[in-house]
Amino acid sequence: IDSPERSEGLRERNQYRHPLATLDFFGVRPEQTVVEIWPGGQGGWYRSILDPYIAGQGTYIPVRADSDESPFVDVVADETADRVLVFRAHGFMIYDYPAQAYFDSIYAMLKPGGIFSIVDHRGVESIPQDPTGENGYVNQSHVLLLAENAGFELLDQAEINSNSMDTKD
């Protein structure tokens, strides 16, 4: 997390993104197969932590959906991932395809007992979910419904990355 291999700019964001507490809460370990959905390319913030942390012990798989195909088709074999992580990218999962297809794909790639974890910008529950997610916020109830429809069950949630200064505008 504080490696000099990560740029100073990436390391400065640690104080806001709480990576150690977040990855510990998700149960990420170096011997696992960890899939990160939309990792942000080579300079991806969590990728800069996960890739070297897992290298040589487990498998890190950065995944981007191809806009010409169904979500995540043939990218990660079924029942091979220990963890699937989405960091501030869930909104992308409801732009082009039915959102349920993304959740179904993620459920299929996880081993029995695997964990799907999300950190995202929470919408205001009193405002109906924008089906395109254009404002960048996703209602937690919407995410939970999609996840439960795919077969997931909520195990736990945390406020590690909550930001009381976010006015959601």
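Between F116 and F103, the ring center distance clears the sub-6.0 Å criterion. Between Y102 and W38, the ring center distance clears the sub-6.0 Å criterion.
Here CD1 of I61 is found 11.0 Å from CG of D51. Values are rounded to the nearest 0.5 Å. Here Q100 contributes atom CD and L146 contributes atom CG; the two are 5.0 Å apart, rounded to the nearest 0.5 Å. Between atom CD1 of residue I49 and atom CZ of residue R17 there is a gap of 9.0 Å, rounded to the nearest 0.5 Å. Atom CZ of R13 is separated from atom CZ of R6 by 11.0 Å, given to the nearest 0.5 angstrom. Note that CG of L23 is 6.0 Å distant from CD1 of I1, once rounded to the nearest 0.5 Å. Atom CG of residue L144 and atom CG of residue N139 lie 10.5 Å apart, to the nearest 0.5 angstrom.
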* Hey, mind stepping through V34 and Y53 against side-chain contact (heavy atoms from CB on, under 4.5 Å) and telling me if it holds? -> CA-CA 11 Å; V34 177; Y53 177 64; over 6 Å; no
* **From CA spacing to verdict: side-chain contact (heavy atoms from CB on, under 4.5 Å), I106, F152** => CA-CA 10 Å; I106 290 168; F152 289 105; 3.9 Å; yes
* How far apart are the C-alpha atoms of Y60 and E36, what are their side-chain angles, what is the distance that settles it, and do they pass the side-chain hydrogen bond (donor to acceptor under 3.5 Å, both in side chains) test? -> CA-CA 8 Å; Y60 170 72; E36 183 181 1; 2.5 Å; yes
* Tell me, with the steps shown, if V119 and F26 meet side-chain contact (heavy atoms from CB on, under 4.5 Å). => CA-CA 10 Å; V119 173; F26 292 164; 3.6 Å; yes
* For R122 and E159, what are the C-alpha separation, side-chain angles and deciding distance, and is it a salt bridge (Lys or Arg N to Asp or Glu O under 4.0 Å)? -> CA-CA 11 Å; R122 238 184 278 172; E159 299 297 315; 3.2 Å; yes
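Remark: side-chain polar atoms of N163 are paired, donor with acceptor, to backbone N or O of M165 under 3.5 angstrom. Remark: side-chain polar atoms of D82 are paired, donor with acceptor, to backbone N or O of T33 under 3.5 angstrom. A donor-acceptor contact shorter than 3.5 Å is absent between the side chain of R83 and the backbone of S117. With hydrogens and angles disregarded, a donor-acceptor distance shorter than 3.5 Å links the side chain of H18 to the backbone of I160.
L85 is listed as a side-chain neighbour of L50, based on a closest heavy-atom distance under 4.5 Å. Side-chain contact between M109 and E79 is absent, with no heavy atoms from C-beta onward closer than 4.5 Å. Taking 4.5 Å as the limit, every side-chain heavy atom of E148 sits out of range of all side-chain heavy atoms of E153. With contacts defined as side-chain heavy-atom distances shorter than 4.5 Å, the pair V143/I118 qualifies. Side-chain contact between R11 and S3 is absent, with no heavy atoms from C-beta onward closer than 4.5 Å. Within the 4.5 Å cutoff, the side chain of N14 has heavy atoms near those of the D2 side chain. Considering only heavy atoms from C-beta on, W45 comes within 4.5 Å of P19 through its side chain. The closest side-chain heavy-atom distance from T22 to F87 is below 4.5 Å.
The shortest non-hydrogen separation linking P30 to Q57 is O-CB, 3.4 Å. P39 and V63 get closest at one heavy-atom pair: CD-O, 3.5 Å. Summarising the geometry of Q32 relative to R29, their closest heavy-atom pair is OE1-N, 2.9 Å, with the distance given to 0.1 Å.
Side-chain atoms of Y107 and D78 form no donor-acceptor pair, as typed in the model, at a separation below 3.5 Å.
Taking hydrophobic clusters as Ile, Leu, Val, Met, Phe, Trp and Tyr residues chained together by side-chain heavy-atom distances below 4.5 Å, L20 shares a cluster with I54.
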